[in-house]
There are 2 protein chains.
Amino acid sequence: MTGPRRRVLELLLGAGEPVKAYDLIARFGTDGQAAKPPTVYRALEFLERQGMVHRIASISAYVACTGGGPAHAAAFLICDCCGATQEVHPARGDSFALAAEAAGYVIERTTIEGHGRCPACRVAA
Amino acid sequence: MTGPRRRVLELLLGAGEPVKAYDLIARFGTDGQAAKPPTVYRALEFLERQGMVHRIASISAYVACTGGGPAHAAAFLICDCCGATQEVHPARGDSFALAAEAAGYVIERTTIEGHGRCPACRVAA
DNA sequence: ACTTGTGATGTTATCTCATAACACCATTGG
DNA sequence: CCAATGGTGTTATGAGATAACATCACAAGT
């Protein structure tokens, strides 16, 4: 865990919600100086390999992991209203995994993201 | 169903696998002329609304729908080896949907994509 | 027929997201 | 000492997507 990696993780943990890569780039320097893109992307790549950070493909954003061991699979519930995101852990042998098996596929990595409304926004609407 | 929309759908059906937006743009003109990006992106947006095309977020590509009614949810099995993609339809009440419900989220749209190896590539390896 | 509204298209420009390529530096193990 | 490895800094560019505005076709209302 080196300087840039620590800094990116720190920013993600501080945000507590998904952050866009270029927002991380902009906030990278403690003095307000932006980082160069590869600095942040390389840190994200590392943190993702470690399972400390996840990429949320449907919104091209990154979020610090909450729970789960090293290099684990994760699924996300994302509120389109307020941006809140919750990490959940799909059960082994769920219907998607079964469908994959039935089709003869060996799945190594999943992207599972649900968009909708969180409890708070559901009430507010 | 207008000209550009028909053309984009035709390209996707002809490909039979996920195609990148800029590949569609490049192949758009029957005379080899490329389209302008908005032409293709607007067609994709329309086709996606109709449920005739799906976007695969994890690889930023688009694929013609195989089965499923209008505006249905879909999940994908993607072979990282040969690019083959299979559309599957998650059962209602699978573990992800249950997790969402338990968390109080109302999910309107899902992105479910599994990466791995198709039967053919699994044997080949 | 006029005209008004709507939805589609064409076009230019730009924005966002991500990576290639190369130079440099530190650590480690032969 | 000196490769080999892995991390970082920097420049530049590639890839994905959309904003904004002009134009066009068509149907509905008067």
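All chains are named by letter (A, B, ...) in the order of the sequence lines, taking the proteins before the strands, and each is independently numbered beginning at 1.
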Asks: Please report the distance, rounded to the nearest Å, between CG in B:Leu24 and C1' in D:dG16.
Replies: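 Distance check: B:Leu24 CG to D:dG16 C1' gives 12 Å.
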Asks: Which is it for A:Leu98 and B:Asp94 under the side chain to side chain contact (heavy atoms under 4.5 Å, CB included) test, yes or no, and what are the steps along the way?
Replies: CA-CA 11 Å; A:Leu98 291 177; B:Asp94 70 2; over 6 Å; no
Asks: One pair to check against side chain to side chain contact (heavy atoms under 4.5 Å, CB included): A:His72 and A:Glu87. What are the steps and the verdict?
Replies: CA-CA 12 Å; A:His72 60 286; A:Glu87 179 174 345; 3.2 Å; yes
Asks: Would you kindly give the CG-to-C1' distance between A:Asp23 and C:dA18, to the nearest whole Å?
Replies: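 Checked: the CG to C1' distance equals 15 Å.
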Asks: With respect to the phosphate group of C:dA18, does any side-chain polar atom (N or O) of A:Tyr62 fall under 4.0 Å of OP1 or OP2?
Replies: yes
Asks: So, is A:Arg55 near the phosphate of C:dA18, with a side-chain N or O under 4.0 Å from OP1 or OP2?
Replies: yes
Asks: Can you say whether the rings of B:Tyr41 and B:Tyr62 are parallel (under 30°), tilted (30 to 60°) or perpendicular (over 60°)?
Replies: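 If you compare the ring of B:Tyr41 with that of B:Tyr62, the planes turn out perpendicular.
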Asks: Return the OH to NE2 distance between B:Tyr105 and A:His115, rounded to the nearest 0.5 Å.
Replies: 11.0 Å
Asks: Is the shortest distance from a Lys or Arg side-chain nitrogen in A:Arg42 or A:Glu45 to a carboxylate oxygen in the other one below 4.0 Å?
Replies: no
Asks: Which letter, B, S or -, goes with each nucleotide of nucleotides 4-15 of chain D from 5' to 3', with contact meaning a protein heavy atom under 4.0 Å?
Replies: ---SBBBB----
Asks: Can you tell me how far apart CG (A:Leu13) and CE (A:Met52) are? Round to the nearest 0.5 Å.
Replies: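 Spacing of CG (A:Leu13) from CE (A:Met52) equals 8.0 Å.
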Asks: Would you please confirm or rule out a distance under 4.0 Å between OP1 or OP2 of D:dA17 and any side-chain N or O of B:Tyr41?
Replies: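 Yes, within the criterion.
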Asks: For B:Ile56 and D:dG16, give me the distance from atom CD1 to atom P, rounded to whole Å.
Replies: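 Computing the B:Ile56:CD1 to D:dG16:P distance gives 14 Å.
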